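Some notes on the structure that comes next.
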Amino acid sequence: MSDAEGTEGRGRILVTGGAGFIGSHTIVDLVENGFEPVIVDDFSNSDRGVVEGLAAICGRPVSCYEIDCGDEDALRRVFESAGPIDGVIHFAASKAVGESQQKPLLYYRNNLGGLMSLLQVMGEFGTRDLVFSSSCTVYGQPESLPVTEETPRAEPASVYGATKRICEDILTDVVASGAPHRVTLLRYFNPIGAHPSALIGELPLGDPQNLVPIILQSAAGIRGPIQIFGDDWATPDGTCIRDYIHVLDLAAAHVRSLDWMAEQDETPLVEVFNVGTGRGTSVQEALDAFERASGRSIAREVGPRRPGDIEQIFASCDKVERVLGWKAVRTVEEAMRDAWRWQERLGSR
């Protein structure tokens, strides 16, 4: 955060993409920790009803500006009207791997352009601290596990992955130039779950690409059996392995990152952290966890491997635990329970 705190609470934090899945849960954590969040979202991949859910959880309305964060003039107006912005959490980005291959210009324009516009306006208004939403996709299929922050980044397997890598490079280069920013790069693994209130959760628009929304839709009868893409991988049960983290734990990592940056004397600075559980969970294990959490049986069909899939990846969280003092505390089964509660509420609308 900047040296001068905001006029309310512990500081005013701009959250781009704050109505999205991870962003909305981070808004709740910010409020619970005394910050004043300000949402910027163009609602191209989120629902306006999320803002109402946040107001219900937080007990008061949350400031929200419907703009594209790639629009520098609109961003300037937010910085001017919202009051002093003490820090930024940048989620806003196009994020579907398959779509990124079909619409590369859209992804480069949105993901790179949005970040560069944000940095430009942050510089003009003297806002130093930025938490950036990165991804474990920058590692590709690692040669050894678990993945540490020292694991070499791989050649991107998708345009989406390329944008995350380039955004990391942009931030690193800006800091190296002497710009007075403090930047935390959080490389996410696989966020799942929902808020226990079931007032906010993951709401994919169109055909979901991630495992848990597909499980939820299958359990709710919206789609047929779960398609497992290969059961002949070199893993204990033959299915792919990922590091699934409850979205509430992931949200807490962002807020802890803000606190950590405020504690640092060094400026400029850039630091990278893996944010996962440190444990791998296979597709079959994730399905079993959902069945235990929900009491529902999930029909499964095994098909051929999907091109581009990574066999297994999970995080080493030693650095984030040592430096930030943060650790994931919720289980996959807890995340599945919360996600199912959210799906049941969606079905009752």
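What you see is a predicted model, and the numbers here were worked out from it, not measured in a lab.
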Passes side chain to side chain donor-acceptor pair (under 3.5 Å), Asp243 versus Thr277? Steps please.
-> CA-CA 6 Å; Asp243 189 339; Thr277 67; 2.6 Å; yes

Given Thr148 and Lys319, is the side-chain contact (heavy atoms from CB on, under 4.5 Å) satisfied, shown in steps?
-> CA-CA 8 Å; Thr148 75; Lys319 180 180 177 182; over 6 Å; no

Worked verdict on Glu333 versus Arg292 for salt bridge (charged side-chain N to carboxylate O under 4.0 Å, His left out) | CA-CA 7 Å; Glu333 195 163 326; Arg292 291 192 300 271; 2.9 Å; yes

Please test Val62 against Ile39 for side-chain contact (heavy atoms from CB on, under 4.5 Å), starting from the C-alpha separation and ending with a verdict.
-> CA-CA 7 Å; Val62 177; Ile39 296 172; 3.9 Å; yes

Worked verdict on Arg77 versus Glu72 for salt bridge (charged side-chain N to carboxylate O under 4.0 Å, His left out) | CA-CA 9 Å; Arg77 289 192 291 271; Glu72 284 187 23; over 6 Å; no

Could you go through the side-chain contact (heavy atoms from CB on, under 4.5 Å) check for Leu130 and Leu119 one step at a time?
-> CA-CA 9 Å; Leu130 173 66; Leu119 287 169; 4.1 Å; yes

Asp338 and His195: CA distance, side-chain angles, deciding distance, side chain to side chain donor-acceptor pair (under 3.5 Å) verdict | CA-CA 7 Å; Asp338 292 338; His195 193 270; over 6 Å; no

Verdict with reasoning, Glu271 to Thr184, per side chain to side chain donor-acceptor pair (under 3.5 Å) = CA-CA 5 Å; Glu271 197 64 76; Thr184 302; over 6 Å; no

Report the C-alpha distance between Gln284 and Arg300 in whole Å, list the side-chain angles of each, state the deciding distance to 0.1 Å, and finish with yes or no for side chain to side chain donor-acceptor pair (under 3.5 Å).
-> CA-CA 9 Å; Gln284 292 282 22; Arg300 315 173 190 196; 2.6 Å; yes

Kindly determine whether Tyr188 and Ile22 satisfy side-chain contact (heavy atoms from CB on, under 4.5 Å), including the steps that lead there.
-> CA-CA 10 Å; Tyr188 307 165; Ile22 305 169; 3.5 Å; yes

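Between the side chain of Gln141 and the main chain of Gln312, a donor-acceptor pair closer than 3.5 Å is present. Side-chain N or O atoms of Thr151 include none that pairs as donor or acceptor with a backbone N or O of Val147 at under 3.5 Å. Looking at Thr281, its side chain never comes within 3.5 Å of a backbone N or O of Ala286 through a donor-acceptor pair. No donor-acceptor pair closer than 3.5 Å links the side chain of Asn274 to the backbone N or O of Leu186. Although no hydrogens or angles enter the test, the distance criterion places no donor-acceptor pair under 3.5 Å between the side chain of Trp342 and the main chain of Ser197. No donor-acceptor pair closer than 3.5 Å links the side chain of Gln120 to the backbone N or O of Ser117. Of the possible donor and acceptor atoms, one in the side chain of Arg12 sits under 3.5 Å from a partner among the backbone N and O of Pro84. In terms of modelled atom types and a separation under 3.5 Å, the side chain of Arg306 and the main chain of Gly230 share no donor-acceptor contact. Side-chain atoms of Arg165 come within 3.5 Å of backbone atoms of Ala154 as a donor-acceptor pair (strictly under, hydrogens ignored). Looking only at distances, a side-chain donor or acceptor of Trp233 sits under 3.5 Å from a matching main-chain atom of Phe229.
Considering all non-hydrogen atoms of both residues, Val50 and Ser24 come closest at CG1-CB, 3.7 Å. The shortest heavy-atom contact between Ser81 and Tyr65 is OG-OH, 3.2 Å. Pairing each heavy atom of Tyr139 with each of Pro152, the nearest pair is CD2-O, 4.0 Å. Nearest heavy-atom pair across His90 and Cys69 is CE1-SG, 3.9 Å. Nearest heavy atom pair, residue Phe91 against residue Gly17, reads CB-O, 4.2 Å. Of all heavy-atom pairs spanning Ile27 and Gly18, the tightest one is CG1-O, 3.7 Å.
The salt bridge (Lys or Arg N to Asp or Glu O under 4.0 Å) contacts involving residues 203-229 comprise Asp207-Arg223, where partners must be two or more places apart or lie in separate chains. Each salt bridge (Lys or Arg N to Asp or Glu O under 4.0 Å) pair with one or both residues in residues 104-125, not counting sequence neighbours, appears once here: Arg76-Glu124.
Inter-residue side-chain proximity for Ser316 and Asp318 is flagged as met; some heavy-atom pair is nearer than 4.5 Å. Residues Ser294 and Arg337 have side chains not in contact (no heavy-atom distance under 4.5 Å, counting atoms from C-beta outward). Looking at heavy atoms from C-beta onward, Phe132 lies in side-chain contact with Leu171 at the 4.5 angstrom threshold. Side-chain contact between Asn45 and Ser94 is absent, with no heavy-atom pair separated by less than 4.5 Å. Within the 4.5 Å cutoff, the side chain of Ser257 has heavy atoms near those of the Leu324 side chain. Looking at Lys95 and Asn110, their side chains never come closer than 4.5 Å, going by heavy atoms from C-beta outward. For the pair Glu168 and Lys164, the minimum side-chain heavy-atom distance is 4.5 Å or more.
Donor-acceptor pairing under 3.5 Å is lacking for the side chains of Asp231 and Thr239. A donor and an acceptor atom, one from each side chain of Ser158 and Tyr107, are nowhere located under 3.5 Å apart.
Aromatic pair Phe35/His254: centroids not less than 6.0 angstrom apart. The distance between the ring centers of Phe273 and Trp260 falls below 6.0 angstrom.
Hydrophobic clustering, with ILVMFWY side chains joined whenever heavy atoms are under 4.5 angstrom apart, groups Val270 together with Val88. When hydrophobic clusters are built by joining Ile, Leu, Val, Met, Phe, Trp and Tyr residues whose side-chain heavy atoms come closer than 4.5 Å, directly or via intermediates, Val138 is not grouped with Val131. Phe314 is not connected to Leu250 by any chain of hydrophobic side-chain contacts under 4.5 Å among Ile, Leu, Val, Met, Phe, Trp and Tyr, and they are in different clusters. Val275 and Leu145 are members of different hydrophobic clusters when ILVMFWY side chains are connected at heavy-atom separations under 4.5 Å. By the criterion of side-chain heavy atoms lying less than 4.5 angstrom apart, applied directly or through intervening Ile, Leu, Val, Met, Phe, Trp or Tyr residues, Leu248 is not grouped with Val329; the two fall into different hydrophobic clusters.
Salt-bridge formation is not detected for the pair Glu311/Arg242: no Lys NZ or Arg NE/NH1/NH2 atom is positioned less than 4.0 Å from an Asp or Glu carboxylate oxygen. Ionic pairing of Arg153 and Asp169 is present here: one or more N-O contacts between side-chain nitrogen and carboxylate oxygen are shorter than 4.0 angstrom. Salt bridge status for Glu266 with Arg182: absent, with no side-chain N to carboxylate O gap under 4.0 Å.
Residue Val283 belongs to a hydrophobic cluster whose other members are Ile192, Leu211, Val212, Ile214, Ile215, Leu216, Ile226, Ile228, Tyr244, Leu287, Phe290, Ile298, Val302, Val332, Met336, Trp340, with links defined by side-chain heavy atoms closer than 4.5 Å.
The number of heavy-atom neighbours closer than 6.0 Å to CD of Glu263, taken from other residues, nucleotides and ligands shown, is above 12. Lys103 NZ: 12 or fewer foreign heavy atoms inside a 6.0 Å radius.
A cation-pi contact links Arg48 to Phe43, judged by a cut-off of 6.0 Å to the six-membered ring centre and 45° from its axis.
Phe79 and Phe125 have tilted rings, their planes meeting at an angle from 30° to 60° on a 0 to 90° scale.
Of the listed residues (Asp259, Leu258, Asp86), just one forms a side-chain contact (heavy atoms from CB on, under 4.5 Å) with Arg10, and that residue is Asp259.
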